[in-house]
**Q** 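Take this structure, written in structure tokens, and hold onto it; I'll ask about it next.
Below, chain A is the first sequence line, B the second, and so on; all start at residue 1. The structure displayed is predicted, hence computed values, not measured ones.
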Amino acid sequence: MPTFVSPIWEAMEYDFRSIEARWQDYWRKEGTYLTRQDQSRPKFYVLDMFPYPSGAGLHVGHPLGYIASDIVARYKRHKGFNVLHPMGFDAFGLPAEQYAIQTGQHPKLTTEQNIARYREQLDKIGFSFDWSREIRTCNPEYYRWTQWIFIRLFQSWYNSELQRAEPIEKLIERFANEGYDATQPGALSGNIESELHSFTAGEWQSMSEREQSDILLHFRLAYLSEAWVNWCPALGTVLANDEVIDGRSERGGHPVERKRMKQWSLRITAYADRLLDDLDHVEWPESIREAQRNWIGKSEGTTLRFALEKADHIADDLSDAFVEVFTTRPDTVFGVSFVTLAPEHELVQSITRPDLREAVNAYVLQATNKTERERQAEVKKITGQFTGAYVRHPFTGDPIPVWIGEYVLAGYGTGAVMAVPAHDQRDFLFAQHFGLPIKEVVSGGNIAEYAHAVKSGVMVNSDFLNGLTVIEAIPAAVREIELRGFGKGKINYRLRDAAFGRQRYWGEPIPVYYQNGVPHVLPVEELPLILPEVDKYQPTESGEPPLARAESWKYKGEFEFETTTMPGWAGSSWYYLRYMDAGNDTCFASTEAMNYWREVDLYMGGAEHATGHLMYFRFWTKFLFDLGCIPVNEPARKLINQGMIQGVSALVYRIDGTNTFVSAGLREQHHTIAHHVDIHIAPNHVLDLEQFRLWREDFRDAQFILEDGVYHCGSEVEKMSKSKYNVVNPDEIIAEYGADTLRLYEMFLGPLEQSKPWSTQGINGVSNFLRRFWRLFRIVDGKANLNDAVGSPAELKVLHKTIRKVEEDIERFSFNTSVSAFMICTNELHDLKCDKRSVLEPLVVLLSPLAPHMAEELWHALGNTGTVTAATFPKWDQQYLTEHEFEYPVSVNGKVRFKMKLPLDLSKEEVEQVVLSSDEMRRFVPDPPKKVIVVPGRIVNVVV
RNA sequence: GCGCAUGUGGCGUAAUUGGUAGCCGCGCCAGACUUAGGAUCUGGUGCCGAGAGGCGUGGGGGUUCGAGUCCCUCCAUGCGCACCA
């Protein structure tokens with residue numbers, strides 16, 4: 001590290017080590033960042049997506065978003081806002097539990113250790129978090145309220161006439177008075193209760209508790225049902241759709257299969273429309289909103305029933321049976337040449353003709369036994385099986401064969417499609433493969449070659465639809481279908497209800513117990529339901545979740561508790577509310593606090609949460625809004641996704657079968673195998689040979705083929721990870737350059753939202769800048785040595801220009817350019833040899849959001865008392881910025897030829913005259929010009 | 001396949017409304033002070049060319065006096081979704 005002797009003013013050099021320690025200590029002792037409710041000031045809520053504290057600690061990519069949001073938080077304080085800027089930990093989750101299974105250590109213990117390490121790392125960066133509001137999702141005082149919200153979900157249903165959640169009592173009342181008509185669900189419409197049969201009020205009243213409970217589960221927003229789930233055998237748990245990526249678990253990458261299980265779910269589908277529509281009213285990145293729209297996948301269409309044809313093999317009690325399909329193209333109904341059922345469809349068994357039973361069973365078996373991944377991998381392969389049964393075409397009465405095919409998904413629509421091969425690509429391929437008829441009903445395509453699936457053309461061969469365009473025919477067909485009672489207009493969503501139970505230990509217990517097979521929620525006064533201790537974290541021998549190991553854990557010593565726990569996203573779906581009033585033990589946050597802080601004004605976090613966390617976050621907010629608990633319908637007004645910081649790996653090339661390594665430039669001459677090498681033993685990608693030999697046992701005898709006397713490593717930009725030895729830790733950067741330099745450099749790297757590789761090389765630039773800035777203040781013995789004269793016009797121009805630029809840049813989250821503006825300012829003041837207090841002091845406040853430690857030190861060196869973080873942001877003044885002269889670039893036919901300095905108050909005509917009569921003009925344009933364009937204060941363009 | 005985003009020097013990047021492309025920083029080159037330092041300061045640095053000059057913002061086309069910026073089209077990269085009827 002540098003030891004400093006400065007010959008010029010015997011000034012003290014910038015010693016970040018003592019400065020940063022001193023002020024971090026001061027802020028902690030003074031409680032500088034504690035936030036109080038203050039009705040007299042406008043509020044601003046800046047929130048970071050809280051981290052899951054992993055064992056690996058933070059790398060330099062993690063704080064990127066935190067630094068940006070911290071700058072905004074500090075800036076807003078200078079601007080007079082009362083800022084809420086909290087931090088906490090998403091502390092339940094799989095990795096801690098996997099570790100517990102391996103080591104037997106309680107996940108609580110490892111989680112606490114990891115949090116301590118995170119906290120230590122975060123503290124060194126100088127964030128302005130109000131730690132008195134810290135939350136940990138695994139604390140009973142916190143998850144008590146997560147459980148409370150679950151109970152409220154259980155006690156609510158969604159009234160789709162009112163488009164909001166209501167207490168379940170309202171529904172019970174309705175059943176007791178009116179019963180339920182499955183054909184006219186009214187307020188109960190949606191795709192949620194399709195398996196439920198009609199009943200009268202009298203029938204309802206005479207039902208057993210168990211029967212009533214089962215019916216209500218079809219409506220509760222938290223409900224228990226038999227459903228197809230994503231089962232991950234390696235993790236031993238069910239996963240939600242967003243936790244499965246390419247048929248593998250998001251955590252760990254284990255295969256996932258489909259399994260039918262009794263399972264707690266949340267009815268997020270009830271909110272599909274509101275989740276979709278309200279996307280138009282939030283300031284979120286277009287990519288996130290688009291991802292959510294796709295995820296919700298709204299599509300409008302109609303259901304249509306095809307009555308089953310009687311046949312010898314079909315039982316008499318199926319004489320009224322039908323196949324119901326969902327289609328978005330009812331206009332093509334006269335082009336149906338077969339109907340395809342999903343292999344899991346409930347009718348498959350009962351309609352199969354005896355001679356085909358064996359083939360059908362085999363097909364169904366192979367289809368259901370496939371993992372999600374296998375199924376996706378074989379998407380292009382066309383498979384199917386005829387059942388031997390026929391249905392009747394609702395309009396023509398023609399018999400239509402019923403097939404089963406894997407391309408039909410059980411979970412979407414009705415699990416059955418009407419196949420129109422002429423106008424749907426999948427149906428087309430299926431028909432081609434099995435030699436089924438292809439009938440054109442929309443003109444304009446070439447159905448001998450491919451399906452004409454676009455919505456253009458005129459209807460043909462279609463009875464009452466003939467001659468209409470597709471756009472006209474769709475509503476016409478729906479009208480007719482509804483009129484004749486064949487089906488009903490319907491909206492379908494790709495969005496599925498969210499699996500909520502996890503067969504795991506380290507999560508919030510679901511506050512439910514069972515009495516005679518009926519689930520009951522705990523009375524809220526008895527919350528929290530504490531996670532019990534268990535002897536092992538594995539499932540029981542009989543395959544029950546780990547909580548089943550807690551044998552004496554029973555409600556009132558008698559009733560079994562639910563043994564699954566909540567998923568990782570439960571606690572993070574409402575945490576922003578808890579920060580508003582973190583210590584409250586009578587409710588999750590007081591009404592006063594929530595009416596003051598309302599929603600998050602700026603939410604900062606990674607784009608990977610587009611369809612997971614951010615979806616549930618919005619869902620729970622809307623639900624709590626419906627209950628009247630909170631004043632807002634959306635959790636976050638503005639969302640920014642910080643880009644990922646990638647690592648730059650270093651590679652060495654071993655000649656295959658030897659222990660000789662060849663430098664990157666020469667590797668083409670050999671057959672080599674690339675190995676990752678720790679970037680710390682290859683500074684600037686030049687390998688330290690000695691350290692490399694010591695690095696790993698098997699490299700001890702390594703030989704090298706060098707270029708220019710050194711070994712050049714290859715490099716690759718990839719994700720920062722331990723296994724690639726390319727992790728850069730913020731602590732090492734801070735130890736060497738200081739936290740302010742780290743903060744500034746992360747911002748200087750480029751636009752916040754962009755992904756970019758980390759390169760420690762460029763850090764000297766900002767480090768030099770901070771030292772140059774420091775030197776302007778001529779610090780001796782902790783005191784600045786400046787004079788009290790007024791600034792020169794040039795100095796004042798630099799100052800005011802910089803205030804304006806930095807302010808504008810922070811307002812639009814362009815932090816890289818604000819750092820750059822500061823560098824320009826420092827360079828210019830240096831050139832002007834500025835030593836005026838009146839010019840330099842405002843810059844200290846301006847710098848404070850970006851480099852708070854240095855700003856605080858300089859603030860005090862200037863003789864101020866109290867913290868700089870409370871100082872008012874300086875104001876820029878136009879009078880120092882107004883120019884009187886401008887050097888006009890004069891271009892001829894769009895190419896700049898020369899420049900002329902002219903007063904800015906000249907009129908267009910005067911400028912034109914002066915320019916045209918100049919000597920330079922005559923040199924470049926001998927003849928009179930065709931046209932002259934003068935843009936005052938910008939440019940002169942002469943056309944010849 | 002569909003959707004979203006991004007393409008500018010050796011590198012990270014900048015360019016308020018269509019108005020001087022390359023600010024700031026890294027790296028590199030030359031020098032100063034000094035003498036082992038990863039210090040500081042000064043000058044230079046888009047490409048081709050000796051120069052005049054020409055070329056230049058992923059490629060091609062267009063609008064305009066003028067295009068990195070607007071329009072059309074193609075290409076590349078990244079991310080998301082994907083037999084969703």
**Q** Once you round it to whole Å, what is the distance between P of B:rU40 and OH of A:Tyr14?
**A** 14 Å
**Q** Need one value for A:Val408: base, sugar-phosphate or nothing, where a base atom within 4.0 Å counts as base even if backbone is also close, heavy atoms only.
**A** base
**Q** Hey, which of these two, A:Glu406 or A:Lys756, hits RNA chain B nearer its 5' end, going by closest nucleotide?
**A** A:Lys756
**Q** Any side-chain N or O of A:Lys931 below 4.0 angstrom from OP1/OP2 of B:rC65?
**A** yes
**Q** Between which residue ranges does RNA chain B form stems of three or more consecutive Watson-Crick or G-U wobble pairs, both distances under 3.5 Å?
**A** B:1-7 with B:75-81, B:10-12 with B:24-26, B:27-32 with B:40-45, B:46-48 with B:53-55, B:58-62 with B:70-74
**Q** Output a table of donor-acceptor pairs, distance under 3.5 Å, between side-chain atoms of residues 931-944 of chain A and any protein atom two or more places apart or on a different chain; print 'none' if there are none.
**A**
residue	atom	partner	partner atom	Å
A:Asn941	OD1	A:Ser891	OG	3.1
A:Asn941	OD1	A:Gly894	N	3.2

**Q** Considering only residues two or more places apart or on different chains, which pairs with a residue in residues 744-756 of chain A satisfy side chain to side chain donor-acceptor pair (under 3.5 Å)?
**A** none
**Q** Identify, with sequence neighbours excluded, every residue that meets side chain to side chain donor-acceptor pair (under 3.5 Å) alongside A:Glu243.
**A** A:Arg502
**Q** Distances under 3.5 Å only, N/O to N/O: pair up the protein atoms with those of nucleotides 18-21 of chain B.
**A**
residue	atom	partner	partner atom	Å
B:rU20	O2	A:Lys899	NZ	2.8

**Q** Please tell me whether A:Asn492 and A:Ser299 have a donor and an acceptor in their side chains that are separated by less than 3.5 angstrom.
**A** no
**Q** Using the side-chain contact (heavy atoms from CB on, under 4.5 Å) definition, which of the options A:Val442, A:Thr327, A:Val333, A:Val336 pairs with A:Val420?
**A** A:Val336
**Q** Under the rule for side chain to side chain donor-acceptor pair (under 3.5 Å), what residues qualify as partners of A:Thr760, not counting sequence neighbours?
**A** A:Trp758
**Q** Listed by chain and number, what are the salt bridge (Lys or Arg N to Asp or Glu O under 4.0 Å) partners of A:Asp280, not counting sequence neighbours?
**A** A:Arg293
**Q** Quick one: label A:Asn827 by what it contacts on the DNA or RNA (base, sugar-phosphate, nothing), any heavy atom closer than 4.0 Å.
**A** sugar-phosphate
**Q** Among all residues two or more places apart in sequence or in another chain, which pass the side chain to side chain donor-acceptor pair (under 3.5 Å) test with A:Arg289?
**A** A:Glu286
**Q** Under a 3.5 Å threshold, yes or no: a donor from one side chain and an acceptor from the other, between A:Arg772 and A:Asn827?
**A** yes
**Q** Tell me: CD of A:Glu808 to P of B:rA14, nearest whole Å?
**A** 16 Å
**Q** What residues form a side chain to side chain donor-acceptor pair (under 3.5 Å) with A:Gln385, not counting sequence neighbours?
**A** none
**Q** Verify the distance criterion only: is there a donor paired with an acceptor across the side chains of A:Glu716 and A:Ser649 at less than 3.5 Å?
**A** no
**Q** Show each protein N/O and nucleotides 4-11 of chain B N/O combination with a separation under 3.5 Å, one pair to a line.
**A**
none

**Q** Please write out each protein N/O paired with an N/O of nucleotides 77-82 of chain B under 3.5 Å, distance rounded to 0.1 Å.
**A**
residue	atom	partner	partner atom	Å
B:rC81	O3'	A:Arg494	NH1	3.3
B:rA82	OP1	A:Arg494	NH1	2.6

**Q** Test A:Asp424 against A:Arg329 for salt bridge (Lys or Arg N to Asp or Glu O under 4.0 Å), laying out the working first.
**A** CA-CA 10 Å; A:Asp424 181 280; A:Arg329 293 293 305 275; over 6 Å; no
**Q** Quick one: ring-ring contact (aromatic ring centres under 6.0 Å, His included) partners of A:Tyr888, sequence neighbours excluded?
**A** A:Phe886
**Q** Rounded to whole Å, please give me the gap between CZ in A:Phe338 and C1' in B:rA85.
**A** 12 Å
